[in-house]
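The structure appears below as structure tokens.
As the structure lists them, so they are numbered: ligands from 1, and atoms in each ligand from 1.
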Amino acid sequence: MNLAVWIERNARRWPQRPAIASGDLVRTDWATCARRVAAVAGGLRSGQGLQPGDRVAIVMRNRPEYLEALFAIWHAGLVAVPVNARLHLDEIAHIARHSGTRVMIVDDEHVADTQPLVESVDTLDALVVAPGSEWDALVRSEPIPLVDRAPTDAAWLFYTSGTTGRPKGATLSHRNLLMMSLSYFADIDPIDPADAVLLAAPISHGAGLYGLPHVARGAVSVIPPSGGVDGDEIAAVLGRWTGVSFFAAPTMVKRLTTDPAIVSADLSGLKTIIYGGAPMYLSDLTDALDVFGPKLAQIYGQGETPMTITALSKADHSDRDHPRWRERVQSVGVPRTDVEVRVVDDDGTALPAGEVGEIVVRGDVVMSGYWEQPEATTDAIRDGWLRTGDVGSFDADGYLTLRDRSKDLIISGGMNIYPREVEEALLRHDAVTAVAVVGRPDPEWGEAVVAFVVADDTMTAPSVEELDELCLEQIARYKRPKDYRFVGSLPTNNYGKVLKRELRQQLDDTA
Ligand code: AMP
């Protein structure tokens, strides 16, 4: 099955319903959208001489043409490589070279930077600029019929966000993305054609993936005019459209929670905020629930099993009277309908509830492997189970609590310390706005705990004694940071994940 069939189907069923909007402005209805997608597909195949299976990268900020490009690539039987547009040019070059990209669709904000890649990347034949005259010409091409695809054919090369080393391309098939979409309906929300999905976070990551179930059900895709996260724009979208859902990183939710435009907005148009991709700390979550009400759902996933390992439902978030509510909202929820999830020891043996080990997952949503990296694939998928590199444990009710990435675990004096626990303890200080805990090599203890603390500059700065005191009240003595570093901000990647390797590097540099 080719996922682009959804566009054709929507065009037949709801030709005049809105398909893509920019803020409150409808850009295309489904009939127009389907016509443009089939024409761009024809133009890419004939004009650019592309064959089914060839890779086409997209380097754009969120804009309506992004979705047209994505579905045109699929309609033509090609493989999409959505690249985070804020990456460094060297990283974009690496992805283009590694994926063997033949054509890159870029917007005018990225054309000057990416133009030299046509020379430096052997496989890259051309850039196509959208929107503009080149895109208009493609839209005027002869439309082609939907190209048949096998379920296992690659649809999307998802380059990992690269918090460690070079990004790897998780090869996501049409079936993987179909399963992801079906399990969205099963575990997060049913979707109605009168609903809307707001694409504020990058389409190249969670927002784009979770946009797909909405397209499948004929909901409108709304792109904020700035292409990004802006409280005023989001408030306006919530006032204009109904049944609005959007994917957001926890940092984005936190930012919106205090945005004056959001706080004073009429939120009746909001259906669901799906957050995930990084830990959401309890204090931020309770603030968000106070502002948004029972509209938050959490997902835990990764590019390798697109956004689908576990979910914590809206009902779980709202059930504040439950005796274990606090533990539950700090968990990542229960396994998704379409996957098996286990916590295993170093030998791959499943561990009982309460024991901590690596999280592994199996199901039809799991990637077939990393693009052209057989060794990395063998390492990641063993006996059909994807090793996530995340460490966690199940409770007796089947809720999974993530500790950390296995590489972020700190071992001090032979004891395992999960940074998240220490971070949660420190965040209870009113004047602490963000914190990241890492391990530093230590001759005596093996590793020592170091906390990077961002303080609220409108309040009296927290003292080391106060922070120590907070830790002693909440966690074992040996988990207390040995060193506090007060910093203005934490380094994050383009998806808002804290780059702990950079913090460790800073410690090495100052050692
Ligand atoms: P990516 O492939 O870039 O989406 O990164 C996936 C990684 O983000 C996972 O392996 C986790 O370490 C982390 N992650 C994803 N979802 C969550 C979540 N809900 N809570 C905490 N960490 C998460």
Side-chain angles (χ1 to χ4, degrees), residues 82-84 86-87 91 95 156-172 176 180 187-188 201-210 247-254 273-282 284-285 288 296-313 316-317 328-336 339 341 343 358-361 365-367 370-371 376 380-381 385-393 399-409 418-421 423-424 436 492-501:
V83 180
N84 179 346
R86 282 180 291 175
L87 288 182
E91 296 170 300
I95 292 173
W156 180 318
L157 298 190
F158 182 102
Y159 275 83
T160 53
S161 54
T163 48
T164 51
R166 281 285 201 195
K168 297 190 281 286
T171 305
L172 304 179
N176 294 150
M180 177 200 74
D187 304 326
I188 311 289
I203 296 178
S204 57
H205 200 256
L209 289 165
Y210 273 179
F247 175 86
T251 45
M252 179 174 155
V253 177
K254 181 176 162 127
I273 300 176
I274 309 109
Y275 67 90
M280 172 80 118
Y281 295 101
L282 185 61
D284 295 338
L285 180 63
L296 288 138
Q298 184 193 181
I299 58 96
Y300 157 54
Q302 51 179 211
E304 290 82 347
T305 169
M307 305 301 142
T308 310
I309 301 175
T310 62
L312 187 73
S313 67
D316 276 326
H317 280 83
R328 286 193 173 173
V329 293
Q330 286 179 282
S331 81
V332 291
V334 297
R336 302 290 295 275
V339 290
V341 183
V343 168
E358 183 171 5
I359 297 158
V360 297
V361 52
V365 72
V366 174
M367 67 167 185
Y370 292 114
W371 184 256
I381 304 179
W385 291 86
L386 171 76
R387 301 166 61 108
T388 61
D390 293 317
V391 174
S393 61
Y399 286 73
L400 181 70
T401 296
L402 271 194
R403 303 292 161 163
D404 274 288
R405 300 285 301 162
S406 46
K407 64 179 171 18
D408 290 334
L409 175 73
Y418 297 102
R420 166 115 188 233
E421 233 189 318
E423 290 161 2
E424 289 275 9
T492 53
N493 72 9
N494 296 313
Y495 294 127
K497 289 183 205 270
V498 173
L499 291 170
K500 291 201 168 173
R501 75 172 156 174

Check: For atom 11 (C) of ligand 1, which of Thr401, Asp390, Leu400, Thr305 has the closest heavy atom?
Finding: Asp390

Checklist line | Distance-minimising heavy-atom pair for Met280 and Pro250 | finding: SD-CB, 3.8 Å

Check: Going by distance only, is there an N or O of Phe158 that falls short of 3.5 Å from an N or O of ligand 1?
Finding: no

Note to self: Given 3.5 Å as the limit, does a donor-acceptor pair link the side chain of Gln330 with the main chain of Leu282, or not?
What the structure shows: no

Notebook entry, point to check: Tell me, do Tyr275 and Leu285 make a side-chain contact under 4.5 Å, heavy atoms counted?
Noted result: yes

Next item on the list: In sequence, state the C-alpha distance, the side-chain angles, and the governing distance for Leu312 and Tyr399, and then conclude on side chain to side chain contact (heavy atoms under 4.5 Å, CB included).
Entry: CA-CA 9 Å; Leu312 187 73; Tyr399 286 73; 3.8 Å; yes

Margin query: Applying a heavy-atom cut-off of 4.0 Å, say which part of Thr160 lies close to ligand 1: side chain, backbone, both or neither.
Written below: neither

Next item on the list: Have a look at ligand 1 and work out which part of His205, if any, has a heavy atom under 4.0 Å from it: side chain, backbone, both or neither.
Entry: side chain

Notebook entry, point to check: Hey, is ligand 1 close enough to Gln298 that some N/O pair sits below 3.5 Å?
Noted result: yes

Next item on the list: For ligand 1, find out whether one of its N or O atoms is nearer than 3.5 Å to an N or O atom of Ile299.
Entry: yes

Note to self: Using a plain distance cutoff, I'd like to know if Lys497 has any nitrogen or oxygen under 3.5 Å from a nitrogen or oxygen of ligand 1.
What the structure shows: yes

Item checked: Residue Gln302 vicinity, atoms of ligand 1 by number, heavy atom under 4.0 Å -> 2 (O), 4 (O), 6 (C), 9 (C), 10 (O)

Check: Is a donor on one side and an acceptor on the other found under 3.5 Å between the side chain of Gln298 and the backbone of Ala311?
Finding: no

Margin query: If we ignore hydrogens and angles and just use 3.5 Å, is the side chain of Arg336 paired with the main-chain N or O of Ile299 as donor and acceptor?
Written below: no

Item checked: Nitrogen or oxygen of Gly276 less than 3.5 angstrom from that of ligand 1 -> no

Next item on the list: State which residue, out of Asp390, Thr310, Thr305, Thr308, fulfils the side chain to side chain donor-acceptor pair (under 3.5 Å) condition with Tyr300.
Entry: Asp390

Next item on the list: State if Ile309 counts as touching ligand 1 under the rule of any non-hydrogen atom under 4.0 Å.
Entry: no

